[in-house]
Amino acid sequence: MEPKGVNFYVEAGKRAAKWHKEYISGMKKCRFDTIAVHGIYSMQEALDFNQGSIIEPIYMSSSQAYRDSDEMEAALSYQIPTWCYSRIANPSMYYFEGAMALLEGYGADIETSCCATSSGMAAIASAVDPFLCVDPKKPNQKMNFVATCQVYGGTFQQFGVRKEQEKNIEWRKVINSNDINEWASKIDENTRFIYGEMPSNPSQAFFDLKKVIELAHSHGIPVIVDSTVATPALLRPLALGADIVIQSVTKTLTSSGMGISGAVISRKNLTSRFGPDEMKADFATYIKLLPNRDNGPNISPMNAMLSLSDMRTLRSKVDMMSCSTMKIAKYLEQHKHISQVDYLGLESHPLHELASKYLWLVDAEYDEMYGKPVNRYGHLMSFHVKGDAMQTRKVFDGLQRIWRATDLGRIKSVATIPAISTHSQQGEEGRKLAGIPSNLIRLCVGGEHPDDIIADLDQALSTLDGKQINSTSPEYSAGGASSASLRNK
Ligand SMILES: *Cc1c(COP(=O)(O)O)cnc(C)c1O
């Protein structure tokens, strides 16, 4: 057989890439829900390559085979679209990443791309590490980054221990993220990026993103936003000018809770005075094909598809769960055993007005029910029990419908005490900075009817009246090895 030549495949690859690009620009004209449902998977692709399967197939395969050596060469030099090896890329990953990139870029005239990872923490490391490389021109420079101190507990550890302690990279903490002068005072010529979580988990910190972006870009520094709590249904930082968005896809994006996954979504041609041009041109694709190829944190095809499947109903779920959370927050706010409720949706919240500038239910103006823009504030809230740590535990232990777990974003309501769970590693001092007292219970409201959740909270809080309640049975679930051994003892 005559060799076809590398160029034959390169030309075919160009035609395929062009077709995909056109399909995606057509998809971009659709509304949010349509994009969430269809993503980048087309009827043509289904019929030509996937036996007509209307759902994106899960390609449980480690690698892709090639027709001949020319195709292999073209593919492995990244000259044609390929998925070569699933540590780097895989069709199921592409379907998820394509949909995610479109949702985060929704409503803005920008090009976005996505690299999906095995967890939210892997997404954060993948996003920040390329900016924390040694500058060959200044090899002894002590690098720093400026980030809010109200961040997820795992992020606090990654920044405080893995970067600062282990690598001598300074984390300049912004204590009051709502003070733009504080951000400005922390930036110098060794600052590599700006990082913020909004709304923050669990304390609902919120900052004026547009001002922070303006400030960072005036210094030629990128802005990275952890937008896990808002999801693209309520906030799309890239559309406002941010450079990179982090999603712990584990959370609200995949509310069914079947696994852990994350995503880095970036705008093309981001702002950064540091780093190679190819990194700035298309950050997410760059990390996918280079650093993440070498470090190996990318998502598995199975988790990519579970995530994609969950995301299709994102907008309506976030709307419903936000409305329920508002009702529950109002109930708690007037309760005699509660001293404070932190929910951005409440007018009593000091950041309510600012949050209302940013958090809008996507496409509410095209919704039959609303027909105009409406604010929604998500399903994460927290409340302070009037009392000490022990009384807080008593209320927590009294919950019978709301799950006690260190989780959020679920279709099932989940509560935790951050001081003894998600934020226990950072110590008293770190918790003080992040505003997490020991009488704080974080509640993430699920898809149940809110009245049933209120009833559960009501009976749990009534334990502080001195009334007796039934505690959960100490029996362990059937079937598990632990339950069998417990019974045998
Ligand atoms: C959970 C969480 C993360 C980490 O994500 P994982 O998927 O658990 O690794 C990061 N940021 C926020 C805001 C989170 O809630």
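As the structure is a computational prediction, the values presented were derived from the model and not from experiment. Counting starts at 1 for both ligands and their atoms, following the listed order.
Between F193 and F159, the ring planes lie tilted relative to each other; the angle falls in the 30° to 60° range.
Atoms of ligand 1 lying under 4.0 Å from at least one heavy atom of M121, given by number and element, are 4 (C), 5 (O), 6 (P), 9 (O). The distance from ligand 1 to the heavy atoms of I260 drops below 4.0 Å at these ligand atoms: 7 (O). If you number the atoms of ligand 1 from 1 as listed, the ones under 4.0 Å from a heavy atom of E197 come out as 13 (C).
Heavy-atom neighbours of M302 CE from other residues, nucleotides or ligands within 6.0 Å: at or below the threshold of 12.
With salt bridges taken as basic N to acidic carboxylate O contacts below 4.0 Å, one links K186 and E182. One finds no salt bridge joining D363 and R315 here, because no Lys/Arg side-chain nitrogen approaches an Asp/Glu carboxylate oxygen to under 4.0 Å.
The nearest heavy-atom contact from the protein to atom 12 (C) of ligand 1 is D226 OD2, 3.4 Å. The shortest contact between atom 7 (O) of ligand 1 and any protein heavy atom is with T250 OG1, 2.6 Å. For atom 2 (C) of ligand 1, the nearest non-hydrogen atom of the protein is K251 NZ, 2.4 Å.
Heavy-atom separations between V229 and ligand 1 are all 4.0 Å or longer.
Aromatic ring centroids of F207 and W183 lie under 6.0 Å apart. In summary, the aromatic rings of F156 and W171 are positioned with their centroids under 6.0 Å apart.
Taking any N or O of G120, backbone or side chain, at least one lies under 3.5 Å from an N or O belonging to ligand 1. By the 3.5 Å distance cut-off applied to N or O atoms, T155 is not counted among the residues near ligand 1. Considering backbone and side-chain N/O of S248, one or more are found under 3.5 Å from N/O of ligand 1. Any N or O atom pair closer than 3.5 Å counts here, and I124 shares no such pair with ligand 1.
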For salt bridge (Lys or Arg N to Asp or Glu O under 4.0 Å), just list the numbers for D407 and R410, CA-CA rounded to whole Å, side-chain angles, deciding distance to a tenth of an Å, and then say yes or no.
CA-CA 8 Å; D407 202 357; R410 293 295 140 254; 2.7 Å; yes
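Both tests hold for K288 against Y94: distance to the six-membered ring centre under 6.0 Å, angle to the ring axis within 45°.
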